[in-house]
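These values consider heavy atoms only, across backbone and side chains, with no hydrogens, waters or symmetry-generated copies. Treat the numbers as computed from the prediction; the structure is a model and nothing was measured.
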Amino acid sequence: RSLTRHAGQLTQVCTVMMRLMDVEGKLEVEPNERLARIAQLSGLKLVPVLSNTSDAGWEPEAVEYLAFGPEAHRQQFIQTLRGKLGELGAAGVLIDFEQMDPAYQPQLTQFFTELAQTLHADGKELWLTVPLSEDLAALDPAICDGIGLVRTEFLFEASLGLPDEDTQYAIYRRILEWAQGKPVTIRTLDAGGDKPIAGLTVDGESNPFLGLRGIRLSLARPEVFRVQLRALARAAVHGADLDVDRAALDGASVEVVIEW
């Protein structure tokens, strides 16, 4: 209902419909017919998310096999993905691979390049999700049609303390400059639940997934939230199309007023 009501403010819809499973990187497809129908009726692009998650959590081995496995397997996977996107009536795909070993970056870069060439030949888009700007260093911006999500909580986890405004600004700026005017969505800090951050999240909650997390945590810590928003505002001038996505909770409706 909310999607239908706000369709006029959107250009595309993304949800996890595809997963890489087990060590051989098999493609599992979970169509969302209702969402696809809403997208079609609303004139929105359908861009399924391809993730390397399972019920057991992230599965980096599934992606690593694509990167290091036989060339024939990689090409077969790309053609299979191409066919599934056609069946779904999708405009492209958003790749969301997490917990990857940085040592595999050259092979993953080659995989993304080959995938982009195939998709672009079909008139389809390739979007990426990145945790930090360093993951983009080896990639050619030409292969990517946009960054579907930047997870800023990784910036907070990696620091020795809460990152200050200048540190955040520099990272957001690098991402936007790399994108060269293409759309970038940066999500505000999504901490709590399964993503505790020392010095920020609350320890010992009986049910942390329903507790102080996401946008609730940010509103409860305005001194942290305000720093991030200022850094994003400063960085925005370096990108043609920056979208700030609040880390929301299911069913949440929040109006935020920030005093600068």
*Asks:* Residues two or more places apart in sequence or in another chain: which of them pass side chain to side chain contact (heavy atoms under 4.5 Å, CB included) with E71?
*Replies:*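 Side chain to side chain contact (heavy atoms under 4.5 Å, CB included) list for E71, sorted by chain: R74, Q75, E114.
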*Asks:* Does M17 belong to the same Ile/Leu/Val/Met/Phe/Trp/Tyr cluster as V49, with side-chain heavy atoms less than 4.5 Å apart forming each link?
*Replies:*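 M17 and V49: separate clusters.
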*Asks:* I'd like to check L126 versus L115 (side-chain heavy atoms, cut-off strictly below 4.5 Å). Are they in contact?
*Replies:*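 L126 reaches L115 side chain to side chain.
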*Asks:* Applying side chain to side chain donor-acceptor pair (under 3.5 Å) between R151 and each of D96, D190, T129, report the one that passes.
*Replies:*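 Of the listed residues D96, D190, T129, the side chain to side chain donor-acceptor pair (under 3.5 Å) partner of R151 is D96.
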*Asks:* Could you tell me the separation between the OG1 atom of T53 and the CD atom of E59, rounded to the nearest 0.5 Å?
*Replies:*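 Here the rounded value is 8.0 Å.
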*Asks:* Nearest 0.5 Å, please: how far is OG1 in T80 from CG in L85?
*Replies:*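 Between atom CG of L85 and atom OG1 of T80 there are 11.0 Å.
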*Asks:* Could you please spell out the steps behind the salt bridge (charged side-chain N to carboxylate O under 4.0 Å, His left out) verdict for D166 and R173?
*Replies:* CA-CA 10 Å; D166 286 341; R173 175 177 176 174; over 6 Å; no
*Asks:* In terms of hydrophobic clustering (I, L, V, M, F, W, Y; side-chain heavy atoms under 4.5 Å; direct or indirect links), are I147 and V16 co-clustered?
*Replies:*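 Hydrophobic grouping puts I147 apart from V16.
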*Asks:* Count the heavy atoms belonging to other residues, nucleotides or ligands that lie under 6.0 Å from CD of E33, then report whether that count exceeds 12.
*Replies:*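 Result for CD/E33: open.
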*Asks:* If hydrophobic clusters are built by linking Ile, Leu, Val, Met, Phe, Trp and Tyr wherever their side-chain heavy atoms come under 4.5 Å apart, do Y169 and I186 end up in the same one?
*Replies:*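 No, separate clusters.
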*Asks:* Could you pull out the closest heavy-atom pair between A142 and K182, with the gap in Å?
*Replies:*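 That closest heavy-atom pairing would be CA-NZ, 3.7 Å.
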*Asks:* Is any side-chain heavy atom of F77 closer than 4.5 Å to a side-chain heavy atom of Y65?
*Replies:*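 Contact flag for F77/Y65 side chains = no.
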*Asks:* Heavy atoms only: give me the nearest K124-H120 pair and the separation to one decimal.
*Replies:*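 For K124 versus H120, the nearest heavy atoms are O-CD2, 3.2 Å.
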*Asks:* Working to the nearest 0.5 Å, report the span between CG of L66 and NZ of K26.
*Replies:*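 It comes to 13.0 Å.
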*Asks:* Mark yes or no for whether D145, through its side chain, and W127, through its backbone, hold a donor-acceptor pair below 3.5 Å.
*Replies:*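 Judged by distance alone, no pair lies under 3.5 Å.
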*Asks:* Does the side chain of F97 come within less than 4.5 Å of E64's, by heavy atoms?
*Replies:*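 A side-chain contact under 4.5 Å is absent here.
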*Asks:* With distance as the sole test, does T109 use its side chain to make a donor-acceptor pair with the main-chain N or O of L139 at under 3.5 Å?
*Replies:*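 No: the side chain of T109 does not pair with the backbone of L139.
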*Asks:* For a quick test of reading the model, state the closest non-hydrogen atom pair linking I175 to V184 and the distance between them.
*Replies:*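 Closest approach of I175 to V184: CG2-CG1, 4.1 Å.
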*Asks:* Side chain of Q228, backbone of L189: donor and acceptor closer than 3.5 Å?
*Replies:*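 Flag set: sc Q228 to bb L189 pair under 3.5 Å.
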*Asks:* If every non-hydrogen atom of S218 is compared with every non-hydrogen atom of F225, which pair is closest and at what distance?
*Replies:*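 Heavy-atom minimum between the residues: O-CB, 3.4 Å.
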*Asks:* Do the side chains of L162 and L217 join up, straight or via other hydrophobic residues, at under 4.5 Å, putting them in one cluster?
*Replies:*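 L162 clusters together with L217.
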*Asks:* Shortest non-hydrogen contact from A235 to L176?
*Replies:*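 Taking every non-hydrogen atom into account, O-CD1, 3.1 Å.
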*Asks:* Testing the basics here: between G148 and T185, what is the closest heavy-atom pair and its distance to 0.1 Å?
*Replies:*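 In this case the closest contact between G148 and T185 is O-CB, 3.3 Å.
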*Asks:* Less than 4.0 Å between a side-chain N and a carboxylate O, is that true for R230 and D164?
*Replies:*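 Not counted as a salt bridge, because no side-chain N and carboxylate O are separated by less than 4.0 Å.
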*Asks:* Could you pull out all residues at least two apart from P222 that satisfy side chain to side chain contact (heavy atoms under 4.5 Å, CB included)?
*Replies:*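 Testing P222 for side chain to side chain contact (heavy atoms under 4.5 Å, CB included), a comparison that skips the adjacent residues, returns R226.
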*Asks:* Is it true that V150 and I171 fall in one hydrophobic cluster, defined by side-chain heavy atoms closer than 4.5 Å?
*Replies:*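 Same cluster.
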*Asks:* Does the side chain of L50 come within less than 4.5 Å of L27's, by heavy atoms?
*Replies:*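 Yes, at least one pair of side-chain atoms sits under 4.5 Å.
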*Asks:* Is the side chain of K84 donor-acceptor paired with the backbone N or O of M18 at a distance under 3.5 Å, no angle test?
*Replies:*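 Judged by distance alone, no pair lies under 3.5 Å.
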*Asks:* Which distance, rounded to the nearest 0.5 Å, do you find between the NE2 of H238 and the CZ of R174?
*Replies:*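 One finds 12.0 Å between NE2 of H238 and CZ of R174.
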*Asks:* Side chains of D140 and F112: does their closest heavy-atom pair fall under 4.5 Å?
*Replies:*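 Not touching, per the 4.5 Å side-chain cut-off.
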*Asks:* Rounded to the nearest 0.5 Å, what separation is found between the CD1 atom of I143 and the OG1 atom of T113?
*Replies:*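 Nearest 0.5 Å value for the CD1-OG1 distance: 4.5 Å.
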*Asks:* Say whether R37 and Q40, considering side chains only, have a donor N or O and an acceptor N or O under 3.5 Å apart.
*Replies:*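 The answer is no; no qualifying pair exists.
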*Asks:* To the closest 0.5 Å, what do you measure between NZ (K45) and CD (E125)?
*Replies:*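 So the NZ of K45 and the CD of E125 are separated by 3.5 Å.
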*Asks:* Mind checking who shares a hydrophobic cluster with V227, ILVMFWY linked at side-chain heavy-atom distances under 4.5 Å?
*Replies:*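 Hydrophobic cluster check, V227: no partners found.
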